[in-house]
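Following: one structure in structure tokens, then a few remarks.
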Number of protein chains: 2
Amino acid sequence: MVSTPGAEPRKITINDVARSAGVSRQTVSRALNDKGEIDSDTKQRVLDAARALGYRPSRFARGLVRQDTMTIGLVIPDLLNPFFTEVAAAALEAARSRGWHVVVYDTTDRAEEERGTLQVITSQVDAVIGYFSCSESELESYTRGMPVVLIGREGRSTRFSSIRIDGERGVHAAIAHLVARGHTRIGMLDHHTRAEPSIRHDWFTAAAKAHGVDTGRVVGADQSADGGGEALRTLLAAHPEVTAVFTFNDIIAIGALREARRLGRRVPRDLAVIGFDGLQLGALVEPPLSSVALDTRKLGALAIEQVARLLSGLDTLEADELVVHAELHLSGSA
Amino acid sequence: MVSTPGAEPRKITINDVARSAGVSRQTVSRALNDKGEIDSDTKQRVLDAARALGYRPSRFARGLVRQDTMTIGLVIPDLLNPFFTEVAAAALEAARSRGWHVVVYDTTDRAEEERGTLQVITSQVDAVIGYFSCSESELESYTRGMPVVLIGREGRSTRFSSIRIDGERGVHAAIAHLVARGHTRIGMLDHHTRAEPSIRHDWFTAAAKAHGVDTGRVVGADQSADGGGEALRTLLAAHPEVTAVFTFNDIIAIGALREARRLGRRVPRDLAVIGFDGLQLGALVEPPLSSVALDTRKLGALAIEQVARLLSGLDTLEADELVVHAELHLSGSA
DNA sequence: TTGAAAGCGTTACCAC
DNA sequence: GTGGTAACGCTTTCAA
């Protein structure tokens with residue numbers, strides 16, 4: 001396919017169509033937008049002309065005059081991470097039901113890309129939903145009063161709405177379950193974070209203490225299956241007496257599952273495993289993963305709902321309504 | 001949080017800022033766009049006024065006057081299907097490198113949603129990349145000359161660019177590998193399609209024939225892990241002599257893997273399994289999945305590249321360049 | 001049924 | 001350095 005060089009000179013506008021069809025602009029507009037009040041012959045002539053010229057209305061001009069389309073920016077660190085895939089799918093679904101469009105940005109976990117995205121996003125969307133790693137003040141300096149809903153921001157946000165994930169009860173239930181099954185030496189594979197231990201670790205500690213379980217068997221893991229496997233090895237080397245592990249998330253748990261098998265530990269008989277997130281992926285591994293599960297659809301729906309309120313100036317949801325509670329889903333691994 | 005009722009009456013425009021700062025519109029524009037030629041005091045005053053009023057420029061007005069932002073619509077049937085997740089991630093990455101924005105639409109595998117999406121998408125994006133189930137003529141009636149790049153459309157498309165997936169060589173290699181390992185009774189779990197068998201089935205048949213392998217052991221499977229498991233059971237019931245299976249895709253293969261374990265067949269010793277797609281997910285199951293792997297990143301990059309050419313009127317890529325070749329990646333399952 | 005004119009909110013091109 | 005004026009491409013309102 002070779003196109004004539006210089007063949008893309010000027011965008012075809014409604015005026016070109018009008019001229020070509022021998023009518024005025026607004027007649028063209030009427031024909032294209034299926035308004036009534038137009039002779040069907042005229043309409044056909046306009047439609048033909050439009051097609052012949054390859055005319056397509058400018059979305060900007062159209063958007064400028066009828067202020068009805070809503071576009072949300074969704075910023076996530078990694079679409080290939082199944083958790084964010086689920087969040088994105090949920091957000092897309094909730095947005096679709098309102099007829100909203102969603103521009104997705106995958107920052108591939110890099111602060112630099114996140115910044116770049118924030119830079120451009122503000123002039124492309126009406127509101128932002130996202131999982132950001134930068135500081136709130138930096139975020140604010142980019143978004144400038146545009147509605148923003150954060151996801152899984154642990155420290156309660158003051159300036160932005162934020163969907164909080166509450167796993168306290170669910171993790172408690174998980175530990176209770178393990179204890180009921182006779183496990184007393186329970187380890188945790190936490191998120192390998194530079195600074196403080198995760199809040200999920202706090203939940204673990206609280207739940208373990210409540211059940212008289214020692215809380216010292218904790219190892220950091222990279223957020224990947226390999227990371228989970230490696231961490232399990234480290235954990236078992238240091239604490240061979242461990243018979244059950246709770247993990248920061250399902251990906252780590254899946255890696256642990258795989259590693260357990262390699263180490264000759266049968267799951268759940270020799271080693272019980274409970275993850276966090278409740279990914280659909282958990283059902284694909286063997287044995288299927290028990291997990292403290294999040295309702296990602298609700299998460300997405302909440303985020304969109306809050307954006308809607310922010311946008312319309314209605315009463316916004318309070319912090320205690322912007323919560324997704326995680327609950328224990330038992331399956332084969334524990 | 002309660003906002004003043006009726007607090008969202010009128011959008012704040014550049015004029016409001018200009019008035020409030022006691023300058024003209026274009027001075028505001030200059031201040032906001034970091035143009036030179038402006039007194040720094042004035043600039044500050046304008047910026048303050050803008051912030052105080054909560055002013056944010058209209059993306060439509062801006063887009064109308066500077067024709068520089070490019071937005072692509074990406075239409076996929078199911079974001080939760082790992083294959084499409086990878087395609088989407090790849091497309092997002094390729095788009096980002098060009099500074100393009102991507103609006104993602106998940107039609108949840110429903111023709112009705114696909115139609116709805118096509119309806120609205122045309123007025124929202126500059127080009128479309130997607131995996132569509134509708135007919136080409138229907139597609140054409142919606143997109144009306146807008147650049148469209150199809151993905152994995154099997155029948156070579158005449159009216160649209162289409163990224164073709166070529167698994168012929170890869171499947172041949174897969175069967176060759178199985179035969180070399182001593183497998184002679186090889187089954188296939190095909191896609192459960194209403195009409196004709198899939199083209200992947202054709203590749204299987206050709207490769208099997210080339211190796212003197214019987215091609216009659218084929219069962220249809222739903223595109224899910226459960227579907228794969230079920231199909232494997234059916235296959236083994238009808239053909240218990242089978243020692244290896246090739247599957248339509250990795251999801252089906254993963255289900256088969258799981259089912260094989262349940263049936264007490266050890267993989268790959270008792271049953272070798274080779275999937276198609278080469279999903280990252282395949283590395284998470286046990287044993288890790290062998291697969292005829294697609295380079296999804298290349299797929300995304302190709303699609304975006306073609307869109308770019310279509311859009312700019314440059315020479316477009318020929319059909320034989322719009323191909324992603326699949327190749328055998330061996331791992332634990334075969 | 002059709003068309004002329006006004007405006008949507010912004011930036012570009014000139015004068016000043 | 002700053003402010004008019006004219007686009008950008010479309011829809012809406014109102015006359016004809």
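Reminder, nothing fancy here: chain letters follow the sequence lines and each chain counts from 1.
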ring-ring contact (aromatic ring centres under 6.0 Å, His included) partner of A/Tyr131, the single match among A/Phe84, A/Phe83, A/Tyr105
A/Phe84
So which one's nearest nucleotide on DNA chain C is more toward 5', B/Val28 or A/Gly22?
A/Gly22
Report yes or no: is there a donor-acceptor pair, N or O only, under 3.5 Å between the side chain of B/Arg30 and the base of D/dG3?
yes
Rounded to whole Å, the CZ-C1' distance (B/Arg25 to D/dA6) equals 10 Å
After noting the C-alpha distance and the side-chain angles of B/Glu321 and B/Gln306, does the key distance pass the side chain to side chain contact (heavy atoms under 4.5 Å, CB included) rule?
CA-CA 10 Å; B/Glu321 300 173 288; B/Gln306 179 74 339; over 6 Å; no
Taking the nucleotide of DNA chain D with the nearest heavy atom to each, does B/Val65 or A/Arg62 sit closer to the 5' end?
B/Val65
Any side-chain donor near an acceptor of the partner, A/Glu113 and A/Thr108, under 3.5 Å:
no
In whole Å, I'd like the distance from the CZ atom of B/Arg45 to the P atom of D/dG1.
15 Å
Could you pick out which residue, B/Ser24 or B/Ala61, lies toward the 5' side of DNA chain D when each is mapped onto its nearest nucleotide?
B/Ser24
Distance, rounded to the nearest Å, where A/Arg19 contributes CZ and D/dC10 contributes P
12 Å
Do we see a donor-acceptor contact under 3.5 Å between the side chains of A/Arg59 and B/Thr71?
yes
What contact category does B/Lys35 fall into here, base, sugar-phosphate, or nothing, at under 4.0 angstrom with non-hydrogen atoms?
sugar-phosphate
Any side-chain N or O of A/Asn15 less than 4.0 Å from the OP1 or OP2 oxygen of D/dG9?
no
Between P on D/dT13 and CZ on A/Arg66, what's the gap in Å once rounded to a whole number?
13 Å
State whether the number of non-hydrogen atoms from other residues, nucleotides or ligands found under 6.0 Å of A/Arg297 atom CZ is greater than 12.
no
Between B/Arg309, B/Arg98, B/Glu93, which is the residue that forms a side chain to side chain contact (heavy atoms under 4.5 Å, CB included) with B/Ile304?
B/Arg98
So does B/Leu79 get a backbone contact from the side chain of B/Thr85, meaning a donor-acceptor N/O pair under 3.5 Å?
yes
Shoot me the first and last contacting nucleotide of DNA chain C against chain B, ordered 5' to 3', at under 4.0 angstrom to non-hydrogen atoms.
C/dG9 to C/dA12
Can you check the A/Ile14 CD1 to D/dC8 P distance for me, whole Å?
14 Å
Considering just the side-chain nitrogens and oxygens of B/Thr27, establish if one lies under 4.0 Å of OP1 or OP2 belonging to D/dG3.
yes
Provide, to the nearest angstrom, the distance between the CG atom belonging to B/Leu64 and the C1' atom belonging to D/dC10.
8 Å
From CD1 of A/Ile12 across to P of D/dC8 the rounded distance in Å is 15 Å
In whole angstroms, the gap separating C1' of D/dA7 from CD of B/Gln26 amounts to 13 Å
